[in-house]
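The next block holds one structure in the form of structure tokens; read it before the comments.
Naming: A, B, ... by sequence-line order, numbering from 1 per chain.
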Amino acid sequence: MRWTFLARRLGFYLAAAAAAIGLNFLLPRLMPGDPSSAIVEELERVSGQQVPAETLLSIRAIFGNPHANLAQQFADYLRQLSHGDLGVSVVNFPVPVADLVWQALPWTLLLVGTTTITAFAIGTLLGVVAGWKAGSRLDAILTPFTTFLSSVPYFWVALLALWIFGFVLGWTPLSGGYDADLPQGFSLAYAVSVLHHGVLPAATIVFSAFGGWLLGMRNMTVTTVREDYVLLAQAKGLSPKRVMLRYAARNAMLPSFTGFAMALGGVVGGALLTEIVFSYPGIGYLLYESLQKRDYPMMQGVFLLITLAVLLANLVADLAYVLLDPRIRARG
Amino acid sequence: MRSRRRVLAVVGAVLLAGCSGPAVKPGSSGGAANASIVYAKTDGGTTFVRNYNVMGPATDKAPNMELVYEPLMRVDYGDGGVLKPWLAASWTFSEQGKQLTIKLRTDVTWSDGQKFSADDVVYSLGLPIEKPDFSIAGVTYKSVAKVDDSTVKVVFAEPSYATLNQFANILLPMVPKHIWSTQNLNTWTNPDPIGTGPFTLKEFKPQQITLQARTDYWGGKLPMSTYKIIPTSADALKAQLLKGDIDWSSASWPNGEKEYVAKDPDKHLYQLYSNGGAMSVLFNTAKAPFDDVHVRRALALTIDRTAVVTTLQRPGTEAGPTGLSDQLFADWLDPAYKGKVQKVDATAAKAELARGGWTIENGALVKDGKRYQPSILFNSDWGWGNYADILLNTWKQTLGLQVKGAGQPSAGYYDKQNLGQFDLAAASTGGSGVYGVYRFLSSSFKVPIGKSATLNQGRWSDPQTDRIIAAMERTDNVGELKGLGRQLQKIVVDDVPFSPIYNNFYFVDINATRWTGWPTPDNFDHIPFVGMGPDTILTMLKLQRRGS
């Protein structure tokens with residue numbers, strides 16, 4: 001029973017991944033404008049000179065002609081992918097996209113990964129407590145406060161934090177992801193500088209994100225508390241803590257958990273605003289730049305990574321559901 | 001945008017209340033031996049890419065490659081944009097401007113110790129011809145040949161006195177033949193660049209590049225030992241400048257005089273240098289109603305330039321009617337147009353419309369029973385919406401004309417502009433030298449609407465303009481060029497192919513706590529703007545460590 005369930009889910013995810021690769025190939029080609037003329041325009045803007053027609057032709061020769069046969073382009077694309085080759089970045093010619101992605105990915109995973117987990121943990125925990133005793137003093141303070149928090153634009157929070165903690169108090173650096181005067185590598189000093197540079201961006205993300213988890217969890221807990229099985233558990237005389245965590249929270253968490261899986265998958269997309277404000281070396285800016293400059297290979301590389309990460313996260317969530325929710329196991 | 005303004009206001013208050021002159025980071029104190037200068041780049045993203053394939057078609061190369069690779073000439077922006085020697089010591093035209101003989105400096109070496117010679121120049125100038133995809137500087141010559149070790153000959157198809165500035169383009173730098181000719185330029189990222197410039201690459205990290213000053217640079221000895229480039233955001237930059245974490249940057253700072261300079265006028269420098277360009281309204285002269293000079297004049301007469309620069313928080317930067325800035329073209333401007341800014345003149349504008357037989361009915365231009373409701377194309381990525389609104393409002397108030405705003409992100413903006421799919425466009429105009437500013441008006445760049453034009457997007461076509469531009473290409477006599485330049489100014493003012501709104505500038509932010517000797521806009525013979533190549537180098541050569 002469990003194995004057919006697993007096989008069916010895996011099949012679905014494989015199909016989804018195939019569709020994602022297809023869409024990933026197609027979508028940038030449906031956008032207006034083509035990258036070779038974008039390069040020519042940028043070159044003309046930079047040089048203030050007219051670029052000869054031959055340049056356009058040879059740029060197309062290097063990066064592929066967007067007007068070529070679509071099937072042919074797709075076949076080329078798949079052949080490249082099967083070699084793990086994401087192509088050459090247009091705006092950074094001749095630097096491979098994979099190099100750019102690998103340079104940015106660890107920073108993004110570190111910052112956005114840890115903050116997503118932290119925000120989820122804090123928000124969910126506080127949400128259970130607030131929802132368990134809805135109307136209590138804690139709930140009366142926490143809930144309106146987080147509603148307010150989640151309506152404050154992130155950009156504002158980040159800038160203000162930078163000014164107060166970075167400039168006025170001078171506790172944290174004003175930009176960058178590490179102390180560039182230190183040699184990069186596994187040394188204590190370097191690790192400390194990474195933490196020192198990361199703490200403020202991380203704090204702003206957690207600060208802006210945990211409210212959403214809290215509110216969702218609180219509201220779900222409020223409804224779950226009134227369910228019969230919770231009452232039954234209480235009637236059985238189980239300890240309130242056990243009822244709250246094992247009975248109410250475990251069920252209330254299911255929707256939050258789906259959201260969490262999605263958020264984890266989205267981690268590789270980076271955090272653009274954070275990266276802009278704190279000059280953090282992550283993948284968000286890479287994606288932003290590739291979109292702006294119609295850098296197809298870079299766009300596709302990052303999109304592919306995000307799609308696959310989201311799919312993987314969903315798969316893991318699906319499997320975890322089996323453990324969390326007995327009803328799924330029963331239905332198989 | 002709005003929330004950003006609010007933040008700045010709060011921040012300003014915090015600054016005024018909380019801190020009386022933030023302490024300057026001690027940095028690397030001590031002798032000149034470890035003296036470093038720090039430049040913060042705000043427009044390069046959050047990381048840099050180690051790509052010194054400087055002639056390749058990448059648009060985002062490693063920053064400040066122009067401190068390693070140098071061009072043959074430099075544009076003197078302090079002097080109307082004329083060309084001055086750099087790696088070239090001198091040059092002469094012959095064959096009525098179709099042949100250029102360039103004499104090279106003989107005291108230049110590559111940073112690996114090899115001598116810079118005519119072979120390198122022939123190779124570098126020849127690359128764009130042999131590999132058209134490397135022709136990013138848009139060269140116009142047909143061939144290059146070596147005459148002797150320090151002389152090269154460049155041949156053009158047309159008289160080309162006026163196109164000399166291609167040799168000052170930082171996108172056409174001199175590269176060492178002995179290294180470059182052995183590489184596959186389509187895959188090589190040139191990670192360890194060898195150039196003639198004053199710096200070599202010492203260390204590359206995605207968030208900090210350290211360049212090492214050469215001790216054998218032909219141009220002289222630099223006062224600093226290293227030059228560091230770090231990426232930052234425009235908002236963090238302000239804090240970093242105030243704190244003294246960085247020495248130098250190039251970002252525009254609306255209200256910079258109050259928020260920065262006023263706090264320490266001696267050390268906090270915020271400077272503007274005209275770059276010879278302007279933000280203008282471009283008329284699509286290939287279609288009605290803007291093929292009619294009366295309509296163009298009427299609209300140009302009712303642009304509130306002062307309101308736009310006030311919104312920009314850049315007082316005094318309104319463009320004159322010629323589009324040539326007073327700061328740069330003092331000797332070239334017709335005295336009649338000097339220091340002149342067009343004021344909003346509703347009466348004159350209405351008279352112009354009447355002269356052309358136009359009326360305005362229900363917000364539309366009407367002539368012979370035909371109604372035209374124009375729209376203005378602008379780049380929404382540049383935040384130009386605010387300024388377009390000022391234009392729309394003034395036209396409505398003074399003429400009763402309702403122009404529609406058509407904002408587009410960069411991609412769509414360029415497409416529409418180049419294809420001629422607009423009535424009015426808010427566009428950048430300008431170039432180096434009078435010829436450079438006006439060259440785009442030549443009808444040789446004109447293509448039909450629907451076909452992509454890279455210059456002359458307004459599809460201006462005027463035999464008189466063409467004659468003057470051609471004459472400028474056929475002479476290097478300064479007196480004659482000035483005369484021709486004035487004729488072009490008159491055409492621009494009277495026939496209005498485009499109407500300038502405000503001048504564009506190089507913005508320079510300096511914290512002179514560690515380094516002094518910076519040029520100022522009232523006294524400069526080179527611009528202290530990073531990215532200008534030779535000008536940046538000249539600036540650095542003249543700096544002094546404060547207190548030494």
Side-chain angles (χ1 to χ4, degrees), chain A residues 31-33 37-44 46-52 54-55 57-59 61-62 89-95 99-100 103-104 153 155-156 159-160 162-164 166-168 170 174-178 180-181 184 275-282 285-286 289 292-294, chain B residues 3-4 6-7 10-11 14-15 18-19 22 40 45-47 49-51 53 56-61 131-133 135-139 166 169 171 186-189 205-208 228 230-233 235-236 239-240 242-243 245 381 410-412 414-415 418 431-432 436 445 452 454-455:
Chain A
M31 286 171 66
S37 37
I39 301 175
V40 168
E41 268 155 23
E42 180 65 14
L43 291 176
E44 277 167 355
V46 172
S47 69
Q49 308 251 9
Q50 201 170 14
V51 167
E54 294 93 329
T55 309
L57 293 179
S58 30
I59 289 172
I62 296 171
S89 161
V90 171
V91 297
N92 293 300
F93 171 89
V95 180
D99 288 7
L100 298 171
Q103 181 185 306
F155 198 60
W156 206 87
L159 270 182
L160 208 62
L162 185 69
W163 275 92
I164 293 172
F167 181 69
V168 178
L174 287 165
S175 78
Y178 47 89
D181 285 331
Q184 274 175 310
E275 288 175 30
I276 292 178
V277 173
F278 298 98
S279 304
Y280 206 80
Y285 203 91
L286 211 61
E289 195 187 23
Q292 259 209 331
K293 299 188 173 161
R294 279 174 284 177
Chain B
S3 62
R4 196 178 172 131
R6 244 188 305 158
V7 172
V10 171
V11 158
V14 168
L15 284 181
C19 47
T46 60
T47 52
V49 178
R50 187 170 187 160
N51 179 11
N53 185 342
T59 49
D60 289 3
K61 299 184 170 104
K131 289 176 70 75
D133 40 317
S135 176
I136 54 169
V139 300
Q166 62 193 297
N169 190 336
L171 294 179
N186 283 326
T187 54
W188 183 52
T189 56
K205 286 177 181 160
Q207 289 209 313
Q208 178 174 295
K228 292 180 179 176
I230 61 164
T232 195
S233 69
D235 295 291
Q240 286 167 312
L242 281 162
K243 245 185 157 176
D245 284 358
D381 286 350
S410 285
Y414 285 116
D415 284 347
N418 293 351
S432 62
F445 303 122
S452 186
T454 51
L455 289 170

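Once rounded to the nearest 0.5 Å, the distance linking CG of A:L286 with OG1 of B:T47 reads 6.5 Å. Residue B:I230 holds its CD1 atom at 8.0 Å from OG of A:S279, rounded to the nearest 0.5 Å. A distance of 10.5 Å separates CZ of A:F93 from OG1 of B:T189, quoted to the nearest 0.5 Å.
Interface residue A:L100: only side-chain heavy atoms are found under 4.5 Å from chain B. Both the backbone and the side chain of A:L174 come within contact range of chain B, each with at least one heavy atom under 4.5 Å from a heavy atom of that chain. Interface remark: A:Q103 contributes side-chain atoms only to the contact with chain B (heavy atom separation under 4.5 Å). For A:Y280, the part lying under 4.5 angstrom from a heavy atom of chain B is the backbone only. Only the backbone of B:P231 comes within less than 4.5 Å of a heavy atom of chain A; no side-chain atom from C-beta onward does. In this structure, the portions of B:T46 lying under 4.5 Å from any heavy atom of chain A include both its backbone and its side chain. For chain B, the nearby part of A:E289 is the side chain; its heavy atoms alone come within less than 4.5 Å. Proximity to chain A is limited to the backbone of B:T187, based on heavy atoms less than 4.5 angstrom apart.
Under the side-chain hydrogen bond (donor to acceptor under 3.5 Å, both in side chains) criterion, B:N53 pairs with no residue at all, not counting sequence neighbours. Legend: residues meeting side-chain hydrogen bond (donor to acceptor under 3.5 Å, both in side chains) with B:Q207, ordered by chain and number and at least two apart, are absent.
B:K243 places a side-chain N or O within donor-acceptor distance of the main-chain N or O of A:G166, the cut-off being under 3.5 Å.
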